[in-house]
Amino acid sequence: MIYKINDQPNMEKMSHKEKIWQVIHKIPKGNVASYGLVAKLAGLPGYARYVGYTLKCLPVQTKLPWHRVVSAKGAISFEQGTKKYIRQKSLLEKEGIPFLKGKFSMKQYEWKQSLEES
DNA sequence: TCCTTGACGGAGA
DNA sequence: ATCTCCGCCAAGG
């Protein structure tokens with residue numbers, strides 16, 4: 001299906017996955033958001049696991065900044081040392097977020113949506 | 001239908 | 001700080 005970046009369609013009529021894509025697309029570069037926060041901002045509180053499922057279904061060449069979504073503790077949800085793990089880690093470090101002791105500081109880098117808009 | 005499987009989260013211990 | 005356990009919820013067998 002065609003997904004236009006700048007559309008702000010009627011949330012009621014969007015599928016859950018579309019709502020989730022919309023939210024992830026808005027995560028600013030240099031910030032991260034937990035699966036739970038993405039779900040909440042998408043109007044789907046409690047759907048943290050579903051956010052993970054949605055990301056798993058993304059095509060490899062997606063433009064969506066999936067790497068900015070991490071666990072609530074700031075850890076990467078892939079098995080340590082795997083290619084995916086290393087890829088996500090480097091993409092975020094490239095955006096200036098330090099990875100210390102196996103995690104990113106949510107306190108400092110988690111997206112504060114309220115300060116940005118709405 | 002029922003059961004299992006996760007890119008989850010948080011309350012306890 | 002860690003680790004386990006359990007509730008969550010859609011998908012896929």
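Here is the naming used below: chain letters follow the sequence lines, and residue numbers restart at 1 for every chain. Side chains included, hydrogens not; waters and symmetry mates left out as well; all remaining heavy atoms used.
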Peer 1: Give the rounded distance in Å between these two atoms: NZ of A:Lys19 and C1' of C:dC9.
Peer 2: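 In whole Å, C:dC9 C1' and A:Lys19 NZ are 14 Å from each other.
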Peer 1: Report the residues that fulfil ring pair (Phe, Tyr, Trp, His ring centres under 6.0 Å) with A:Tyr35, sequence neighbours left out, ordered by chain and then residue number.
Peer 2: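 Result, ring pair (Phe, Tyr, Trp, His ring centres under 6.0 Å) vs A:Tyr35: none returned.
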Peer 1: Can you pull the side chain to side chain donor-acceptor pair (under 3.5 Å) pairs that have at least one residue in residues 44-53 of chain A, sequence neighbours excluded?
Peer 2: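 The answer is none; no pair qualifies.
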Peer 1: Is the count of non-hydrogen atoms from other residues, nucleotides or ligands lying under 6.0 Å from A:Lys17 atom NZ greater than 12?
Peer 2: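 Yes - once you tally the heavy atoms of other residues, nucleotides and ligands closer than 6.0 Å, there are more than 12.
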Peer 1: Between protein and nucleic acid, restricted to nucleotides 4-7 of chain B and to nitrogen or oxygen atoms under 3.5 Å apart, what atom pairs and distances do you find?
Peer 2:
{"unit_1": "B:dG6", "atom_1": "N9", "unit_2": "A:Arg49", "atom_2": "NH2", "d": "3.4"}
{"unit_1": "B:dG6", "atom_1": "N7", "unit_2": "A:Arg49", "atom_2": "NH2", "d": "3.1"}
{"unit_1": "B:dA7", "atom_1": "O4'", "unit_2": "A:Ser77", "atom_2": "O", "d": "3.3"}
{"unit_1": "B:dA7", "atom_1": "N3", "unit_2": "A:Tyr35", "atom_2": "OH", "d": "3.1"}

Peer 1: Rounded to the nearest Å, what distance is computed from the CD atom of residue A:Gln80 to the P atom of nucleotide C:dT2?
Peer 2: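 Taking CD of A:Gln80 and P of C:dT2, I get 12 Å after rounding.
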Peer 1: Rounded to the nearest Å, what distance is computed from the CE atom of residue A:Met106 to the P atom of nucleotide B:dC8?
Peer 2: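 Between P of B:dC8 and CE of A:Met106: 13 Å.
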Peer 1: What side-chain donor-acceptor pairs closer than 3.5 Å can you find for residues 72-85 of chain A, not counting sequence neighbours?
Peer 2:
{"unit_1": "A:Thr82", "atom_1": "OG1", "unit_2": "A:Glu79", "atom_2": "O", "d": "2.8"}
{"unit_1": "A:Thr82", "atom_1": "OG1", "unit_2": "A:Tyr85", "atom_2": "N", "d": "3.2"}

Peer 1: What pair of heavy atoms forms the shortest contact from A:Asn31 to A:Ile97, and how long is it?
Peer 2: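 A:Asn31 and A:Ile97 have their closest heavy atoms at N-CD1, 3.9 Å.
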Peer 1: Quick one: which protein N/O atoms are closer than 3.5 Å to N/O atoms of nucleotides 10-13 of chain B? Pair and distance per line, please.
Peer 2:
none

Peer 1: Between A:Tyr47 (OH) and C:dA11 (C1'), how many Å, whole number?
Peer 2: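 So the OH-C1' distance, A:Tyr47 to C:dA11, works out to 13 Å.
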Peer 1: Which residues pass the side-chain hydrogen bond (donor to acceptor under 3.5 Å, both in side chains) test with A:Lys89, sequence neighbours left out?
Peer 2: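 side-chain hydrogen bond (donor to acceptor under 3.5 Å, both in side chains) check on A:Lys89 returns A:Glu93.
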Peer 1: Output all residues satisfying side-chain contact (heavy atoms from CB on, under 4.5 Å) with A:Pro59, sequence neighbours left out; order by chain, then residue number.
Peer 2: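 With neighbours one apart ignored, the set is A:Gln61, A:Thr62.
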Peer 1: Need one value for A:Thr54: base, sugar-phosphate or nothing, where a base atom within 4.0 Å counts as base even if backbone is also close, heavy atoms only.
Peer 2: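 Touches nothing.
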Peer 1: So, using side-chain hydrogen bond (donor to acceptor under 3.5 Å, both in side chains) as the criterion, who are the partners of A:His67 when residues are at least two apart?
Peer 2: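 Testing A:His67 for side-chain hydrogen bond (donor to acceptor under 3.5 Å, both in side chains), a comparison that skips the adjacent residues, returns A:Glu95.
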